[in-house]
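Single-structure report; data block below.
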Amino acid sequence: MTRQRIFSGIQPSGNLHIGNYLGAIQQFVGLQETTDAIFCIVDLHAITVPQDPEELRKKTLEVAMIYLACGIDPKKSIMFVQSHNHDHAELAWILNTLTPLGELERMTQFKEKRQSAEKRRGVLSGLLNYPTLMAADILLYQTDVVPVGEDQKQHVELTRSIAERFNNRFGDTFMLPKEMLNKSAERIMGLDDPSKKMSKSAKSANNYIALLDSPDEILRKIKTAMTDSGSEIRFDKKAKSAVSNLLAVYHAFSKESIKNLENRYAGKGYAEFKKDLGEIIIAKLEPIQNRFRELEKNSDEVMKIIREGAERSGAISQKTLSEVKQKIGLIA
Ligand code: AMP
Ligand code: TRP
């Protein structure tokens, strides 16, 4: 049987956090053993909101190093920067000409980001077209499975309908991809506000634990994380959303069941629970941070890996793109 193709991407903006790790990267590392995996650093998506050029360059390399530090192995997977393979922007344009405006306007992420963008400099048309670029990313590689956090599910569904529509009109061309969520950590919530997802674009760094936060910072952030009224440590998303989120993080990092955790901390206060949780996170992130520091000293090596990744990805994507161009009537 041929191996499944998986594809996923992360934007080089803000600080990667434990939500990105548990919702996405941790799955990538496991999947590369049994699938043909491609991981992208989606810089063209990052610029759909204003970015500082120097910062964007720095973050692009940082995400590459975080992928590697978390265990992405370039011998097993392809890892590259989106803008290095021009097929992405080209297919995205073609898909834009085939996607009704209304389908893009109803995307939840667009509606949310549009609100904050309006308050600042106005909404960029790239923000609206973000999902067609994401569809291009996925469809270029005939992807079977897209491991992502829950917030991206709607975009993968849209990708599927774009692909289906294309196939119906021009004949079978694209695989129809499916999303894959990490059930126990599909949506990690903000430490300072458990009603919203943990986000690297959050206003306060107390919202998230960054993968590169120091042990002291991690302990401080967990200590000051919001809790609910009453001191009971119990999983109940409605009545105790803050503590349930902390329990979900604890479970995702330690693999100890929520039931066990509830029993172990029965009658104990938040302080002890939070101290243990902080220490577990520190222990899990320590090897990642050590590898990251080693890679930082070797940025030439990292550049080489992503350049090779771009070539390897191009060899696959250009087949799909040529077929698309031929089918829609562009001459070669
Ligand atoms: P982004 O930070 O938007 O570039 O997202 C990168 C990956 O992390 C995507 O697969 C997201 O779905 C996932 N992700 C982002 N935030 C969270 C979160 N709070 N909980 C779980 N997964 C997340
Ligand atoms: N939109 C995704 C996010 O913000 C990032 C992304 C871009 C992506 N292209 C992708 C994820 C393709 C999976 C597949 O999280």
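On a predicted model such as this, the values are computed, not experimentally measured, just so you know. Values below: all heavy atoms of this structure, side chains included; hydrogens, waters and symmetry mates excluded. Whatever order the structure lists ligands and atoms in, that order sets their numbers, starting from 1.
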With respect to [X], determine whether any N or O atom, backbone or side chain, lies less than 3.5 Å from an N or O atom of ligand 1.
X: Ile188; result: yes
X: Lys200; result: yes
X: Asp151; result: yes
X: Met198; result: yes
X: Gly149; result: yes

Protein residue, atom and distance nearest to [atom], heavy-atom basis:
atom: atom 23 (C) of ligand 1; value: Gly19 O, 3.5 Å
atom: atom 5 (C) of ligand 2; value: Gly9 O, 3.5 Å
atom: atom 3 (O) of ligand 1; value: Gln11 NE2, 3.8 Å
atom: atom 9 (N) of ligand 2; value: Asp137 OD2, 2.6 Å
atom: atom 1 (N) of ligand 2; value: Tyr130 OH, 2.7 Å

Approximate separation, where rounding is to 0.5 Å, of [X] [atom1] and [Y] [atom2]:
X: Asn182; Y: Ile188; atom1: CG; atom2: CD1; answer: 8.0 Å
X: Ile306; Y: Ser313; atom1: CD1; atom2: OG; answer: 11.5 Å
X: Lys200; Y: Asn20; atom1: NZ; atom2: CG; answer: 5.0 Å
X: Leu104; Y: Ile162; atom1: CG; atom2: CD1; answer: 7.0 Å

Heavy-atom contacts under 4.0 Å between Glu186 and ligand 1: side chain, backbone, both, or neither?
backbone
Any idea which part of Arg187 is under 4.0 Å from ligand 1, heavy-atom wise: side chain, backbone, both or neither?
backbone
Checking Phe174 against Phe166 for the ring-ring contact (aromatic ring centres under 6.0 Å, His included) test, could you report, in this order, the C-alpha distance in whole Å, the side-chain angles of both residues, the deciding distance, and whether it holds?
CA-CA 8 Å; Phe174 295 127; Phe166 190 100; 5.0 Å; yes
Charged N-O contact under 4.0 Å between Arg106 and Glu103
no
State whether Glu90 and Lys325 are salt-bridged, where the test is any N-O pair (Lys NZ or Arg NE/NH1/NH2 against Asp/Glu carboxylate O) under 4.0 Å.
yes
Nearest non-hydrogen atom to atom 10 (C) of ligand 2 belongs to which of Gln152, Met134, Lys200?
Met134
For atom 14 (N) of ligand 1, which candidate among Leu181, Val148, Asn20 holds the nearest heavy atom?
Asn20
Numbered atoms of ligand 2 (with element) below 4.0 Å of [X], judged on heavy atoms:
X: Val148; value: 11 (C), 13 (C)
X: Val146; value: 13 (C), 14 (C)
X: His45; value: 7 (C), 9 (N)

In ligand 1, which numbered atoms sit nearer than 4.0 Å to a non-hydrogen atom of [X]?
X: Gly23; value: 21 (C), 22 (N)
X: Gln152; value: 12 (O)
X: His17; value: 16 (N)
X: Ala24; value: 7 (C), 8 (O), 10 (O)

Please assess Val324 against Thr173 for the test side chain to side chain contact (heavy atoms under 4.5 Å, CB included), listing each intermediate value before the final yes or no.
CA-CA 7 Å; Val324 167; Thr173 310; 4.0 Å; yes
With heavy atoms and a 4.0 Å threshold, my read on which part of Gln82 contacts ligand 2 is neither
Which part of Val156 is near ligand 2, with near meaning a heavy atom under 4.0 Å away: side chain, backbone, both or neither?
neither
Is a side-chain N or O of Asp236 found less than 3.5 angstrom from the main chain of Ala239, in a donor-acceptor match?
yes
Please check: side-chain N/O of Ser244 versus main-chain N/O of Phe235, any donor-acceptor pairing under 3.5 Å?
no
Nearest heavy-atom approach of Leu98 to Pro100 is O-CD, 3.8 Å
When you look at Phe80 and His88, which way does the ring-ring contact (aromatic ring centres under 6.0 Å, His included) test go after all the steps?
CA-CA 12 Å; Phe80 73 105; His88 291 245; 5.5 Å; yes
Check each of Lys153, His155, Arg160 against Glu179 using the side chain to side chain donor-acceptor pair (under 3.5 Å) test, and report the only one that passes.
Arg160
Taking N or O atoms only and a 3.5 Å limit, does Asp151 qualify as a polar contact for ligand 2?
no
Check the orientation of Tyr67 and Phe39. Use parallel for under 30°, tilted for 30 to 60°, and perpendicular for over 60°.
tilted
